[in-house]
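The basis for the numbers below is simple: all heavy atoms, side chains too, and nothing from hydrogens, waters or symmetry mates. From a predicted model like this one, the values you see are computed outputs, not experimental measurements. Nothing fancy with the numbering, it's 1 onward along the sequence.
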Amino acid sequence: MKIDKNSKIKLTGDCHIKSLDGDYSNIDFNGHKLYVDGNEVVA
């Protein structure tokens, strides 16, 4: 998944993705966990 500087993402549950290209600050973890290629992203 690619996130550009104008994108905003709000998690509605724990999410597992293969790859992430972009700025994690655009992600609202909303109390959930994000895993990229099996590794947890710490907000």
Side-chain angles (χ1 to χ4, degrees):
M1 178 167 55
K2 185 172 183 174
I3 302 174
D4 69 24
K5 65 181 178 179
N6 298 315
S7 297
K8 299 286 183 191
I9 296 175
K10 183 174 186 174
L11 300 182
T12 58
D14 291 347
C15 184
H16 297 261
I17 59 176
K18 186 71 176 168
S19 65
L20 180 62
D21 180 20
D23 188 351
Y24 293 119
S25 67
N26 292 354
I27 300 173
D28 178 353
F29 287 82
N30 195 29
H32 300 287
K33 295 182 179 181
L34 173 63
Y35 297 91
V36 178
D37 198 25
N39 300 304
E40 183 178 355
V41 173
V42 178

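Side-chain contact check for Ser19 versus Asp21: every heavy-atom pair is 4.5 Å or farther apart. Taking the side chain as every heavy atom from C-beta outward, Asn26 and Asp4 never approach each other to under 4.5 Å. A heavy-atom distance below 4.5 Å is found between the side chains of Leu20 and Ile27.
Linking ILVMFWY side-chain heavy atoms closer than 4.5 Å, directly or via other members, places Ile9 and Tyr35 in two distinct hydrophobic clusters.
Looking at residues two or more places apart in sequence or on another chain, you find a side chain to side chain contact (heavy atoms under 4.5 Å, CB included) between His32 and Leu11, Asp14, Asn30. Residues passing the side chain to side chain contact (heavy atoms under 4.5 Å, CB included) test with Asn39, sequence neighbours excluded: none.
Nearest approach of Phe29 to Tyr24, heavy atoms of both residues: CE1-O, 4.4 Å.
In this structure, OG on Ser7 lies 9.0 Å from CE on Met1, to the nearest 0.5 angstrom.
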